[in-house]
2 protein chains.
Amino acid sequence: MRAAFYISDGTAITSEVFGHALLSLFPVEFEHFTIPFVESVEKAEQVKQQINQMYRKTGLKPFVFHTFVNPQTREIIDTCDAVIYNFLEHFISPVEQQLGIGAKPKAHRTHSIHENSYDYRIDAVNFALANDDGTRVTDYEHADIILVGVSRSGKTPSCLYLALQYGIKAANYPFTEDDIDELRLPDFLMKHKQKLFGLTIDADRLIDIRNGRMANSKYSSARQCRLEIREVEKLYKQEKIPFLNTTKFSVEEISAKILSTTGLQRYKY
Amino acid sequence: MRAAFYISDGTAITSEVFGHALLSLFPVEFEHFTIPFVESVEKAEQVKQQINQMYRKTGLKPFVFHTFVNPQTREIIDTCDAVIYNFLEHFISPVEQQLGIGAKPKAHRTHSIHENSYDYRIDAVNFALANDDGTRVTDYEHADIILVGVSRSGKTPSCLYLALQYGIKAANYPFTEDDIDELRLPDFLMKHKQKLFGLTIDADRLIDIRNGRMANSKYSSARQCRLEIREVEKLYKQEKIPFLNTTKFSVEEISAKILSTTGLQRYKY
């Protein structure tokens, strides 16, 4: 199998995301290696040896996706027995021409604490945890959004993703049997109706997930899962709450869809 | 201010990460717009209008970073009054030549639920929540890693990031006053010593953070913060636990450093 290396003097997240997106266009499997914080000549030389060994072992030139600020370490990686994708470099001079100013590369400019959005993100994570799963329903005035839905429809991971990635304060509330029976929103949700966003899920998937947690219970029974979903979707329509079926979507997709539906502003790019 | 658009028929995360990394090399501010799920010709035409209006309003050609699988929608965006960065496209034919096979673009190949690591990630999030903050200390045999440290040294956001991004099961345990007084690991940690990773933080930063939560308390006092940090660092050295000072690092950086120090394998690329 061919190896793909993602290397940087920072987190290497940019290299990973770009390299992964590019390689995913090809029906070929790769062995992946991420090597962050290559900040010294010694470390760069070690990495070069590792890459060259991989070439000798597999007979296939590894693909190397890298972003370096320091030219000294970059030059070492550029001389590996590998196919080098210096993907940011390629676009620097067109951008310079457009802007009429030169690039000023600085280490740790992305994915670091210096982004002014960083505190927002940590505050948002704390908010999501304190307001997870309906444990606190008295602080919704500070929420940017409140995800609602039946238990195990994907609310918690979505809230955490919105918080960690985008600094959005997302609470979540699982509908109780009473809410479902009465087909009405509790008062503490009604007060913040404009912040509500509903999640739903296919019954078969919900039955699977709940069985994984509590097999052969009322909670995981087909009858109960179908009933809850049917009633909750009825409630969304009745109350005109925007909602999304999460069955086929990842947290990244759910979050992106929530942002684009609600127009919520993120605190990070 | 010049506008930067990140557009895709998927989540647009790849466009955001690439565009942000490129623009961060320049000492210029941009107004950012992310537009995911541009999946129809109608939607693409709307977005084109929005971009062209922005150009007329600002007199500056917006920068557009896009990834499209569907050529029909891509062509519409390519004809906007904007500077278009079709950054994946540019690298496709070099990769085709290297691999000797053609690209087979497929929608939602990245950042979607179809990646086989997806269930790992959701399981890992559930694990991180159930094993957060020392609330459960009996399930550490299922942890990939256990972050330890004083209260508010960055353990929880780091665990959640490791789980959400990489599918790593990360528990965390805040040292109690007793642990600190006796300068010893409790038995349930000692049993899993090889999984421990310590976090520490500068005293001034810890005092700030704790004051934000509980001002003028013993918990947030300079004396207490300094004492806890000093003793805990002593414990790390005594027990040979690898550790990291998180003061100047983001969760992305902390997570990348933990992975590279421990050699833990991630479940996602």
Side-chain angles (χ1 to χ4, degrees), chain A residues 10-14 16-18 20-28 32 34-37 61 63 67 83 85 87-88 90-92 94-95 98-99 101 103-105 108-113 115 118 121-122 125 129 132 156-157 160-161 164 248-253 256-257 259-260 266 269, chain B residues 10-14 16-18 20-28 32 34-37 61 63 67 83 85 87-88 90-92 94-95 98-99 101 103-105 108-113 115 118 121-122 125 129 132 156-157 160-161 164 248-253 256-257 259-260 266 269:
Chain A
T11 60
I13 290 174
T14 305
E16 278 181 5
V17 171
F18 179 86
H20 182 211
L22 183 61
L23 297 182
S24 74
L25 300 172
F26 294 88
V28 174
H32 303 275
T34 299
I35 310 180
F37 305 110
K61 281 203 174 183
F63 283 9
T67 60
V83 186
Y85 296 98
F87 55 94
L88 280 180
H90 183 83
F91 290 95
I92 288 177
V95 175
Q98 281 296 330
L99 294 177
I101 52 168
K104 283 197 186 160
H108 310 303
R109 198 123 165 194
T110 57
H111 304 115
S112 92
I113 205 168
E115 302 183 65
Y118 191 70
R121 290 167 58 204
I122 297 303
V125 169
L129 290 173
D132 183 39
T156 296
L160 292 172
Y161 191 86
L164 259 176
K248 296 205 169 67
F249 298 127
S250 68
V251 282
E252 284 84 352
E253 290 171 314
K257 281 176 192 283
L259 292 182
S260 85
R266 56 190 77 190
Y269 272 94
Chain B
T11 59
I13 290 174
T14 305
E16 279 181 2
V17 171
F18 179 86
H20 181 212
L22 182 62
L23 298 182
S24 75
L25 300 172
F26 294 88
V28 173
H32 304 275
T34 299
I35 309 179
F37 306 109
K61 281 202 174 183
F63 283 12
T67 62
V83 187
Y85 295 97
F87 55 93
L88 280 180
H90 183 83
F91 290 94
I92 288 177
V95 174
Q98 280 296 330
L99 294 177
I101 52 170
K104 283 198 187 157
H108 310 303
R109 197 123 164 195
T110 57
H111 304 119
S112 92
I113 205 167
E115 301 183 66
Y118 191 71
R121 290 168 57 206
I122 297 303
V125 169
L129 290 173
D132 184 40
T156 296
L160 292 172
Y161 191 86
L164 260 175
K248 296 206 170 66
F249 298 127
S250 68
V251 282
E252 284 83 352
E253 291 171 314
K257 281 176 192 281
L259 292 182
S260 85
R266 55 190 78 190
Y269 273 93

dist B:Ser250:OG -> A:Ile13:CD1 (nearest 0.5 Å) comes out at 7.0 Å

Rounded to the nearest 0.5 Å, what separation is found between the NZ atom of A:Lys61 and the CD atom of B:Gln98? 7.5 Å

Shortest non-hydrogen separation from B:Leu164 to A:Pro157 and the atoms involved: CD2-O, 4.3 Å

For B:Arg121 and A:Val251, which heavy atoms make the closest approach, and how far apart are they? NH2-CG2, 3.7 Å

Hey, mind stepping through A:Phe91 and B:Phe87 against side chain to side chain contact (heavy atoms under 4.5 Å, CB included) and telling me if it holds? CA-CA 8 Å; A:Phe91 290 95; B:Phe87 55 93; 3.7 Å; yes

Quick one: does A:His20's side chain get under 4.5 Å of B:Thr14's, heavy atoms only? no

Would a 4.5 Å heavy-atom cut-off, applied to side chains only, mark A:Leu25 and B:Val95 as touching? no

With B:Lys257 as the cation and A:Phe37 as the aromatic partner, state whether NZ or CZ is under 6.0 Å from the six-membered ring centre and within 45° of the axis. yes

Check whether A:Thr67 gets within reach of chain B through its side chain, its backbone, both or neither, counting any heavy atom under 4.5 Å. neither

Interface moiety of A:Phe63 toward chain B, non-hydrogen atoms closer than 4.5 Å: side chain

Contacting moiety of B:Ile35, where chain A heavy atoms sit under 4.5 Å: neither

Could you tell me which portion of B:Val125 (side chain, backbone, both or neither) has an atom closer than 4.5 angstrom to a non-hydrogen atom of chain A? side chain

Heavy-atom pair count under 4.5 Å with chain B, highest-scoring of A:Leu23, A:Thr156, A:Leu22: A:Leu22

Residue among A:Pro94, A:Ala21, A:Ser260 with most heavy-atom pairs under 4.5 Å to chain B: A:Ala21

Return the option, out of B:Pro36, B:Gly10, B:Ala12, with the maximum number of heavy-atom pairs under 4.5 Å with chain A. B:Pro36

Under the side chain to side chain contact (heavy atoms under 4.5 Å, CB included) criterion, do A:Leu259 and B:Thr34 qualify, and how do the steps go? CA-CA 9 Å; A:Leu259 292 182; B:Thr34 299; over 6 Å; no

Begin with the C-alpha distance, continue with both residues' side-chain angles, and end with the deciding distance and a verdict on side chain to side chain contact (heavy atoms under 4.5 Å, CB included) for B:Val17 and A:Phe18. CA-CA 8 Å; B:Val17 171; A:Phe18 179 86; over 6 Å; no

